[in-house]
Amino acid sequence: GYTNARFRKFVDGENDYAGNHIPYAPEHTLSARLTYEIPLQLRWMERIVLGVGTTAAGPIYWNEANTLSQPFYGLLGASVALDFNRWTLEMWGRNLTGEEYDTFYFVSVGNAFMQSGRPRQLGVKLSFEF
């Protein structure tokens, strides 16, 4: 996706922000996922499902002056699922490259706060079908 969200007119009493990017609206977004299923001819296991995907966004401007921003960044994820007859075991990973990024910024009572994105995550999911 592409967004060109800019102020047409905006004066806060001291500064004129006309033409600046509107805060919190990423200029570019991207999401893609590829899944590959391997059917098996086993009684105890139906299939293996492999998945890989990415999400990306940026730049994101955090203030009206456009002096603070998050550059374009991408996150890589992957999964492997073993699908048995009535249950599935999935191993997954998010932000596998360990990308450091910020997700939110705000000022409150004169103090600035920046929220960092999630670090690399690994997990296991077990699901049952009754």
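Keep in mind that what you see is a predicted model, and the values were worked out from it rather than measured. Atom set for the values below is all heavy atoms of this structure, side chains included, hydrogens, waters and symmetry mates excluded.
The side-chain heavy atoms of P26 and T29, taken from C-beta on, include a pair separated by under 4.5 Å. At least one side-chain heavy atom of F72 sits less than 4.5 Å from a side-chain heavy atom of H28. You'll find the side chain of L96 reaches within 4.5 Å of the side chain of L122, heavy atoms only.
Under the 4.5 Å side-chain heavy-atom criterion for grouping Ile, Leu, Val, Met, Phe, Trp and Tyr, F7 is not connected to Y2 through any hydrophobic cluster. Both L68 and F104 are assigned to one and the same hydrophobic cluster, defined by single-linkage of ILVMFWY side chains at heavy-atom distances under 4.5 Å. Under a hydrophobic-cluster definition in which Ile, Leu, Val, Met, Phe, Trp and Tyr are linked whenever side-chain heavy atoms come within less than 4.5 Å, directly or via other members, I38 and V52 are assigned to different clusters. Placement of V49 and L42 in two distinct hydrophobic clusters is found when ILVMFWY residues are connected by side-chain heavy-atom separations under 4.5 Å, directly or transitively.
With R6 contributing its side chain and G19 its backbone, the two residues share a donor-acceptor pair below 3.5 Å. Side-chain atoms of N4 never come within 3.5 Å of backbone atoms of E27 as a donor-acceptor pair (strictly under, hydrogens ignored).
Here the closest non-hydrogen pair linking G74 and A56 is CA-CB, 3.8 Å. Nearest heavy atoms, G51 versus R33: CA-NH2, 3.6 Å. Contact record, W87 with L126: CE3-CD1, 3.5 Å, taken as the closest heavy-atom pair. Across every non-hydrogen atom of G117 and T103, the tightest pair is CA-CG2, 3.7 Å. Across every non-hydrogen atom of N66 and H21, the tightest pair is OD1-N, 2.7 Å.
We find the CZ-CG distance between R118 and N95 to be 11.0 Å, quoted to the nearest 0.5 Å.
Remark: Y36 OH is loosely packed, at most 12 non-hydrogen atoms of other residues, nucleotides or ligands lying under 6.0 Å away.
No donor-acceptor contact under 3.5 angstrom links the side chains of N20 and Y61, judged on distance only.
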